[in-house]
Amino acid sequence: MNKRLISKERKQYLKNKRWRQYRIWLTQIIVLVGFLAIWEILANQKIIDSFITSQPSRIWETFTNLSSNDLMKHIGVTVYETVVGFLLGTGLGIIIAIIVSILENLNGFLKTDKEVIKMAKTFKASKLQILTKIIIPANLSTFINSLKVNIGLSLVGVISGEFLVSKAGLGYLIVYGGQVFKLDLVMTSVIILGIVAGIMYAAVLLLEKFIMQSKKFN
């Protein structure tokens, strides 16, 4: 009887939580649509200067034009550069943290249970075994947190580089749009950049979920 009661309460809790999440998503969509509608109306009524602020319809038109031209090329360049920088930066950071470093990863290493390491040494475990079997598994959360930070920093670094010297990429489109006073292009590129950043961060979250599930089953 008690188990059934707990089970029903649990189901009701999960149902309420799910509906709450749906309501949050719906509210976010309504706010976004409302914001875009007000923006479009104000621009059409000349209350705001669409040359400076642009407007949703012009941004969509610019996006359509870009899609039929070199948009995927520019997105591909930015994503490729970000992924390469992300992998190199993260990989080098972990290697340095393993040898000697003041990075966040080192702080995680220092929190590893020293008694467990001592026990492993008494069983003649090698340094490589201690690293791969004890230290790294104990610091997975530290690694993942570093990935979340690094993906954003990598994208910022790439866009900054494209601002300075580049002939392709979203950063290039933003700078070019500003130079020729095509603010629709600037706004469109910034929005696309935000979407790309969100997708890349979501990919890191999926990796985190996969790693944690694998750790749980192991």
Shared ILVMFWY cluster between [X] and [Y], side chains joined below 4.5 angstrom?
| X | Y | result |
| --- | --- | --- |
| Ile199 | Leu206 | no |
| Tyr80 | Val156 | no |
| Val33 | Ile195 | no |

Donor-acceptor check, side chain of [X] to backbone of [Y], threshold 3.5 angstrom: yes or no?
| X | Y | answer |
| --- | --- | --- |
| Glu40 | Ser57 | yes |
| Ser54 | Ser50 | no |
| Asn69 | Asn65 | yes |

Any chance you could measure [X], atom [atom1], to [Y], atom [atom2], to the nearest 0.5 Å?
| X | Y | atom1 | atom2 | value |
| --- | --- | --- | --- | --- |
| Trp60 | Leu36 | CH2 | CG | 12.0 Å |
| Ser67 | Met72 | OG | CE | 8.5 Å |
| Ile151 | Leu87 | CD1 | CG | 8.0 Å |
| Leu153 | Thr82 | CG | OG1 | 11.5 Å |
| Gln179 | Ile174 | CD | CD1 | 12.0 Å |
| Arg23 | Arg18 | CZ | CZ | 12.0 Å |

Tell me, with the steps shown, if Ile191 and Phe63 meet side chain to side chain contact (heavy atoms under 4.5 Å, CB included). CA-CA 10 Å; Ile191 291 172; Phe63 174 77; over 6 Å; no

Are there over 12 heavy-atom neighbours, none belonging to Phe163, within less than 6.0 Å of that residue's CZ?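 Correct, the count exceeds 12.
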
Looking only at non-hydrogen atoms, find the nearest pair between His74 and Ala168 and report the distance. ND1-CA, 3.6 Å

Which heavy-atom pair separates Leu170 from Leu193 by the least distance, and what is that distance? CD1-CA, 3.9 Å

Are the side chains of [X] and [Y] in touch, meaning some heavy atoms are under 4.5 Å apart?
| X | Y | answer |
| --- | --- | --- |
| Lys182 | Thr62 | no |
| Trp39 | Thr53 | yes |
| Asp184 | Glu61 | no |
| Tyr176 | Val186 | no |
| Leu155 | Thr78 | yes |
| Phe51 | Phe181 | yes |
| Leu185 | Leu66 | yes |

Side-chain cluster (under 4.5 Å, hydrophobic types only) that Trp19 belongs to, other residues: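 In the cluster with Trp19 are Tyr22, Trp25.
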
Tell me, please, which residues at least two apart from Ile47 pass side-chain contact (heavy atoms from CB on, under 4.5 Å).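 In terms of side-chain contact (heavy atoms from CB on, under 4.5 Å), with neighbours along the sequence ignored, Ile47 is linked to Leu42, Gln45.
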
Sorted by chain and residue number, the salt bridge (charged side-chain N to carboxylate O under 4.0 Å, His left out) partners of Lys148 (sequence neighbours excluded) come out as Glu208

Before you tell me yes or no, could you show the steps for Ile159 and Glu162 under side chain to side chain contact (heavy atoms under 4.5 Å, CB included), namely the whole-Å CA-CA distance, both residues' side-chain angles and the distance that decides it to 0.1 Å? CA-CA 5 Å; Ile159 296 301; Glu162 289 178 351; 3.7 Å; yes

